[in-house]
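Structure record follows, encoded as structure tokens.
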Number of protein chains: 2
Amino acid sequence: MSPTKPASTRSDAEAPVTRIERKQRTRQRLIEAALALIGKGRSFSALSLREVAREAGVVPAAFYRHFRDLDELGLALVEMGGVTLRRLLREARRDGIPPTDMLRGSVLIYKRFVEERSLVFRFIAGERGGGSRSIRDAIRTEESHFASEMAQDLRAIGTLPELSSSTLQMICGLVVTTMLNAASDILDLAPDQPRREQELIENFVRQLRVIFLGAARWREEV
Amino acid sequence: MSPTKPASTRSDAEAPVTRIERKQRTRQRLIEAALALIGKGRSFSALSLREVAREAGVVPAAFYRHFRDLDELGLALVEMGGVTLRRLLREARRDGIPPTDMLRGSVLIYKRFVEERSLVFRFIAGERGGGSRSIRDAIRTEESHFASEMAQDLRAIGTLPELSSSTLQMICGLVVTTMLNAASDILDLAPDQPRREQELIENFVRQLRVIFLGAARWREEV
DNA sequence: AAATCCAGTGCACATATGTTTACCGAAATC
DNA sequence: GATTTCGGTAAACATATGTGCACTGGATTT
């Protein structure tokens, strides 16, 4: 974490000489401190300002230079969560869906994705239902955007072409809550329970299959 | 908070003379105090022992006569949530499902049920993803039992007779998470947003429809 | 070179927290 | 009727919290 002094050609891209860069940097440190604490099992809504400041290696009063209160930090985390979800879709778009056994393939990719970004997902899964009102609302908005993008992507690759876009949106909403729910389960897996892990993702796959079966059979104007 | 001296006819059904009754009573007051605080917008995982004791009208040290810590109180709340869910099924069994437009009917009943027990549902929805590990696990267990009972009931009334019971269980799990997710949404509804409320329950109904459509089309051993 | 800005410091404050300890008084047991 | 049991109390403790205030020193502007 010490300022690396590389023997590279230039030193312009490295040092955060400018003040706004410095500010941005400790802001980031605060955010990551909160995430680190979440990673240690604490739930965000139970964090204290001083705890976060301490973890970030900064005096409590300095916190106020960046956020009005913890809630505002939380909103930044939500935003980060939104970015993460968008990246998931982007990668899926780039790499395409595994051609054989699409659902199980996607689920495995998703599982890996969640595990590699466990902190953000832990935050989202944790504050989605509890926490403060404003954070919950922000997460809902982010989920909804995610569902919209997913609906667009499904449309683009020609899945379920006969569905209206509002129906597609509704179905993606269901998929998203199922995904986030599964994320919560995945994150709580003991690291050495391959048995439990196996049946968990199997369950996840089957639930998605039910949803897409239902979607395929859906007829507007019932 | 002074001991009310009622001028009622009898005093036998009133006074909790026995000591264990008294104990049970303040235990209950602690539980209800926690729920009351949740009702005021605080999230359970952020409650403090003193806060709860204060709300219950009891000195902090007295708390320890009933629970080792807040986590243990939380487990009592989970249990209460389980009972609530079981009651939902019991009432559904007793009253039967509304014959016309079953799904929408059930959803409206459920909505009312949630609103009338908003505190317990707020607790469950809030700690389901966040909170402490032990509470989360307890909630998961309760959910799973609920899903099992629901599967049994569906079987009993002859719904989806061709599905294996493990499949039925998996589908009920999906229904349960969808229900709890909807509960969270319902509880966050502003009290004067009939527009939003309408589209919310409409969405809920349609999601359930997708699930049951998929379930009906499910073939084992795909 | 001088003036200004401002992210981060150090310190103080009132208040809140979890937990322990000795104690009381009424119910329960003898 | 004497003795024991045990919910609940009162006070104290060490520690934690959010927030305000004057400050400082290096970057930024003039």
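All of these numbers come straight from a predicted model, not from anything done at the bench. Computed from heavy atoms alone, side chains included, the values below leave out hydrogens, waters and symmetry copies. Per chain, numbering begins at 1; letters A, B, ... match sequence-line order.
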Counting side-chain heavy atoms from C-beta on, which of C/dT9, C/dT17, D/dA10 comes nearest to B/Ala61? D/dA10

In whole angstroms, the gap separating P of C/dG8 from CZ of A/Arg54 amounts to 18 Å

Within 45 degrees of the ring normal and closer than 6.0 Å to the centroid, is that where the cationic atom of B/Arg117 sits relative to B/Phe113? yes

In whole angstrom, give the distance that lies between atom CD of A/Glu51 and atom P of D/dA16. 11 Å

Does B/Arg27 reach a base, just sugar-phosphate, or nothing at all? Heavy atoms under 4.0 Å. nothing

Quick one: A/Glu55 CD to D/dT17 P, roughly how many Å, whole number? 13 Å

For the residue pair A/Asn203 and B/Met170, what are the closest heavy atoms and their distance? OD1-CG, 3.2 Å

With respect to the phosphate group of D/dG7, does any side-chain polar atom (N or O) of B/Thr26 fall under 4.0 Å of OP1 or OP2? no

Atom pair CG (A/Leu47) and CG (A/Leu70), whose distance is rounded to the nearest 0.5 Å: 7.0 Å

Let me know the distance between CG of A/Leu49 and C1' of D/dA16, rounded to the nearest Å. 12 Å

Expressed in angstrom and rounded to an integer, what is the separation of A/Arg68 atom CZ from D/dG20 atom P? 12 Å

Among C/dA27, C/dG8, C/dA28, the nucleotide that comes nearest once only the side chain of B/Thr18 is considered: C/dA28

Roughly, in whole Å, what's the span from CD in A/Glu21 to C1' in C/dG8? 18 Å

Tell me if a side-chain donor or acceptor on B/Asp69 pairs with a main-chain N or O of B/Glu72 at a distance below 3.5 Å. yes

Take atom CG of A/Asp69 and atom C1' of D/dT19, then tell me their distance rounded to the nearest Å. 12 Å

Separation of D/dG8 atom P from B/His66 atom NE2, nearest Å, is 4 Å

Side chain of B/Arg19 (C-beta onward), nearest among D/dT19, C/dG18, C/dA26: C/dA26

Of all heavy-atom pairs between A/Ile109 and A/Pro98, which one has the smallest distance, and what is that distance? CD1-CD, 4.1 Å

Between D/dG20, D/dT19, D/dG8, which nucleotide gets closest to the side-chain atoms of B/Arg65? D/dG8

Could you tell me whether the side chain of A/Arg50 has a donor or acceptor atom within less than 3.5 Å of a complementary atom in the base of D/dG18? yes

